[in-house]
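Read through the structure below, which is laid out as structure tokens, and then see the notes.
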Amino acid sequence: MNVEHNAIEVRDVSVEYGDVRALVDVSVGFAPRRIHAVVGQNGAGKTTFARVAAGIVQPVRGTLSIGGREVPVGRVGAARAAGIEIVHQSFALPPSFTVAEAMEFGAEGGRGVFTRGELERRWKRHLEALGVAVGPRERIRDLPVETQQAVEIARALVTDAKVLILDEPTAVLSPSGVEKLFERLRVMQASGVTILLILHKIREVLSIAETVTVLRGGRLVEGPVETSATEPHRLASAIIGSGLEGTLSAPDVDALVGAAEEDDAAGAGPAAGNPVAAAGTPILAMRGVSTRPDPEGPALADITLSIARGEIVGVAGVEGNGQRTLVRALSHLADLTAGDIALDGAEVTRRPLAERRAAGLRIIPFERNTEGLSLSSPLWENWSARQLLLGGVLRLINPARIRKACEAALKSWDVRFSTPNQPAGSLSGGNAQKVILAREIDDSATLIIAAQPTRGLDVGATAFVWKALREAKARGCGILLISSDLDELFDISDRVVVMLSGRISGEFAPPYHLGEVGAAMTGAGR
Amino acid sequence: MDDALVAILRSGTPLVYVTLAGVLAQRAGIWHLGLEGLMIIGACSAVVGTVQTGSLAVGLLIGIVLCVLASALLWFVIEILRANPIIAGLGLTGLGLGGTDLAVQAIYGSQASVTAPFGLPRLGPEFGAFGVLSVLVVLMPFVVFGVWVLVRRTRWGLQLTACGEHPFAARSVGVSPSRMRLYALCLGGVLCALGGAELSMGSLQIFAYGMTAGRGFMAFAAVIFGAANPLGATAAAFFFAIVQALGIRAQLLFGDKVPHDLLLALPYIATVIGIWISGRLRGGARAATAFGELRDY
Amino acid sequence: MNGPLGQVFRALVYVLIGLALCGIIFELAGYSAPLMFQSIAEGAFLSVRAWQNSLRWGLPLFLTALGVVISFRCGFFNIGAQGQFYMGAIAATFVVDGLSGAPAFVVIPLTFLAGLAGGGLWALWPGLLRVKSGTDEVITTLMGNFIATLFLVYVTSGPLKDPSGTGQAASSRPVAEMYRIGAANAVSPAIIAICVLVGIGAWVLVNRTAFGVLSSLAGRNPIMVVWQGAKLSRLGLAGFVLGGALAGLAGTIEVLGPIGRLSSGMLPTHGFTAILIALVANLSVLATAFVAIFFGGLAAAGLYLPVLAGLPAAAIDIINAAIALFITARAWPKRLAGFFGQRRSAP
């Protein structure tokens, strides 16, 4: 039967960054006016694929056709002219721009000069038509994350898009936000737009997509297949790869691919075998902690939280609700206006970070590459930084001995490297994170703050991090785990607290329910 | 009072042109420390070109061409060779200062200053005290307005700002930050040539070694002080010019009581104070530079 | 091509590119480039006298460059070496002039202390502004250079003026013979000894102390060391002050040694050259020693250029500037081929 041409079709596309092969001979086509999902673990090549389709990345080989007509690869202008638009995972919106300016700078046609009033009028209509409730004069950086995403989608729809690609749009949204997004996507599909969603949770795929395609290691391993004709277990195997899958526990697999079912979405918390809160002095006791607003987020308001020995407390919440401020307050990088903090019974409210670290505080920071490592410095310097700060700054050191100790430590953490002298930036994301773990999780650690520790890591590395955290917990460490991945939180944490606008809006014990936690994330009554 | 205004306009105009060049570069994402070198190339070309060819227009044109070429060279070194912009800018400044010195030496055989037979066209006696102002001074407000419209009221200007603030956003709409920087630097080159020409030919018609005396760096400071906004930076540039004019005035009035050199140092001190205030208002400088960090494009 | 050997090679290539660009400029200006390079070689390295001259200029450059290396490694762009050099020289001259008559073993150490303090303090104020108020240090240290230059002019035509001056360049009274640590325009064992000691101290500080590693990390990613609990402001300030003190030390040596007095307009490009040396040496202490001698040779040769090739001495400044333009380039030539040839995937 002669069907019309695929909305997007790629043939034999390969992308290489130096030695790394991000996509290998990928050939796939997507039918028009449907909602398609492309899934895979981190590092599988999903974002690269999306960017090739949008013309942002140029492959070394391969062709791209839109609506049956071949389009030159690697040219954003050509792709946009053919009707493809992409909504990026971390929005392509300059923070100082107003909403109207953000719409304008990517627009085509019309006059290139304008007065401020003209600009706002021009785009007000567009925003209203899309149901985006935001004034054209507001600045991007002042908008909450969900509104920024709505603006980003509006930006992509400035031209008449025939194909809309969304790269991991659900990562930053609360569960109800995800629902709203999916509603909007269904409306767009009804008006004739083909939608390609990059996702990595099977639950979401089954909820919104009509077809699903799986990438693994840069190759196409499955699809496009109808989602109605497939089942979660097969998808999970395709995503993870059967070799690795065999080494993981079933709840872990479900958490890794976001396959747990809607209702008891989220396991019964950590396996019964692990002891929960041990009695005795809590490792962390925060009482009534408030701070000033941070450039990175809202102020903390009256946070009272404690973590017991051998307990993992998960912090859920949409990004930008005070999680970063919380970590900074615990690290003495944000000033407290009220309240106090005690580590293992000792008051540390006014103690500088170096002293808190000496008392056992460890931090796996949000941003691996800027806060956790110095990418151009050698591994041994990165690894030894914490210890070097333990003594006088002018004391003599023996670099040869430090290098050897570093080598031994990194090997025991299964880091793939060739020499301790190589720059940290030469490691893959997973290995770089292991270096941070090797540095932070040592025997004298008592409280570990793990901020988005598995973001951007592939399945193997993610499982490794979980194992490391569980082992630390078994040794008696207290762990504060901040994550936007509810599956991860539900699988690992002994308790989950939810942050909203700088406050704790809910506290939950297992078994966790996605609906309740989701409601606490947005403050909606239930 | 009129005389004071004239003095301020004369000393401010060269600074404003160069400041606008700095604004364009800053918006595109480049810390332009080569402004001083470009300014002196402009100043030298205007004088030497006029003396050698007898035509002011040719002198100006030579200045523009040289400044644009030098800007393109800076672009090449920063974008293609990925050098550190601050050091590359200082290198360009050094080349400008040394190169103009060499040129004067090569053409005239000695390092004395060069005098041109005539300067830029002036307004003329009908304008009273303001008659001595050159056409470039009159042009200046229009150029300021033009740059402001370009940067703040055109799509191109938004794309330019995106290149400096969020290069990935620029690329995702099909704009090449690299190419945009080339345009910004070259356009800035033209402005620096004009600023340099006004400096040398606007009042005294002389070129002397090192006559820019740090004005290019003051212009850069004005850019920071004005947060890369064309109007704000222009105001900052005028602030520095006023301090400079005050210093010269004070020399006449208090010549024997206050050391001459201290008064000469006023503009530099004012620049430091201006940068400090700007830092307090806006909370912090760019993070301490990392020498080896990968650029985030 | 990324190991230390590769970096040295790359630095050499870019130095050569800078030299080549200069050769073109000089040819265009009507001078003979080959003659120029020959004069440079003669003036810098081809005789014992040339080597002595190279050391005379290179050793003070070495000290100032060490200061720049330490400053830059701490992550701050302290480009005020010229001003710190001048302030150190001025402070030293005040002391050696004011204490004239006292025994040498009292005056000389005090003079050195004054020089270190002068340079250190002139770096302290931009450092404080940066660390306490976030005021960008590039502009403040640059302005500091201009201010210090004017201050030098003031001091040598006013408080410290040499009454028997010939009127050419304003300068101070010559330093008394008994306080001199070296003969005019020459290098001396005392100066060499100071440089060796300071060099060893700097090497140990950078390579064998915790400060060295931490400041190196801070220089490359200050945010990361803050998250480790380092007091970035203290590390940074230490870098600033050490940098200034070393430049001031070089100034003191010039006043007590080869120049023998304070002179307005002395060594006007010393600071910029020191920064260049630090960059060519890729912030390594050991490499700084060799690179400083090389640039000292260039400076020595600069005096020969008017004699041998009819070029202004400023030709050396042009060479330095050209090298500065290219030296921080990170792209390797094969990337240039990629730019002109087949387009590769862009990330």
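Letters A, B, ... are given to chains in the order of the sequence lines, protein chains preceding strands, and every chain is numbered from 1. Scope of the values below: all heavy atoms of this structure, side chains included, with no hydrogens, waters or symmetry mates.
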Which atoms of C:Val226 approach chain A - backbone, side chain, both or neither, heavy atom under 4.5 Å: both
Which portion of A:Leu333 sits near chain C, non-hydrogen atoms under 4.5 angstrom: side chain
Per-residue contact mode, A:Asn382 against chain C (heavy atom under 4.5 angstrom): both
Greatest number of heavy atom pairs closer than 4.5 Å to chain A - which of C:Thr209, C:Asn207, C:Val225, C:Leu235: C:Thr209
For the student: nearest non-hydrogen atoms of C:Ser216 and A:Glu381, plus distance: OG-OE1, 3.7 Å
Residues, nucleotides or ligands: over 12 heavy atoms within 6.0 Å of A:Arg351 CZ: no
Under 3.5 Å: donor-acceptor pair, side chain of A:Arg395, backbone of C:Ala210: no
All side chain to side chain donor-acceptor pair (under 3.5 Å) counterparts of A:Ser27, not counting sequence neighbours: A:Asp12
Check: C:Gln228 and A:Glu440 side chains under 4.5 Å, non-hydrogen atoms: yes
Note, C:Leu217 side chain near A:Leu388 side chain (heavy atom, < 4.5 Å): no
Considering all heavy atoms, the nearest C:Asn221-A:Asn369 contact: ND2-O, 3.6 Å
Test item: side-chain donor near acceptor, C:Arg220 and A:Ser376, under 3.5 Å: yes
Within 6.0 angstrom of A:Arg21 CZ, more than 12 heavy atoms from elsewhere: no
A:Thr370 vs C:Trp227 side-chain heavy atoms within contact, under 4.5 Å: no
Side-chain heavy atoms of A:Trp380 within contact of C:Val213, under 4.5 Å: yes
Side chain / backbone / both / neither for A:Arg362 at chain C, heavy atoms under 4.5 Å: neither
Among C:Ser215, C:Gly212, C:Ala230, C:Ala238, residue most engaged with chain A (heavy-atom pairs, under 4.5 Å): C:Ala230
Check: A:Arg386 side chain, C:Gly229 main-chain N or O, donor-acceptor pair, under 3.5 Å: no
Spacing of C:Leu214 atom CG and A:Ile397 atom CD1 [to the nearest 0.5 Å]: 8.0 Å
Heavy atoms of other groups near C:Phe290 CZ, more than 12 under 6.0 Å: no
Residue among A:Pro423, A:Gly391, A:Ser384, A:Ala385 with most heavy-atom pairs under 4.5 Å to chain C: A:Ala385
Best-contacting candidate, A:Asn421, A:Val52, A:Val393, against chain C by heavy atom pairs under 4.5 angstrom: A:Val393
Contacting region of A:Leu396 [heavy-atom separation from chain C under 4.5 Å]: both
A:Pro352 and C:Lys231, any side-chain heavy atoms less than 4.5 Å apart: yes
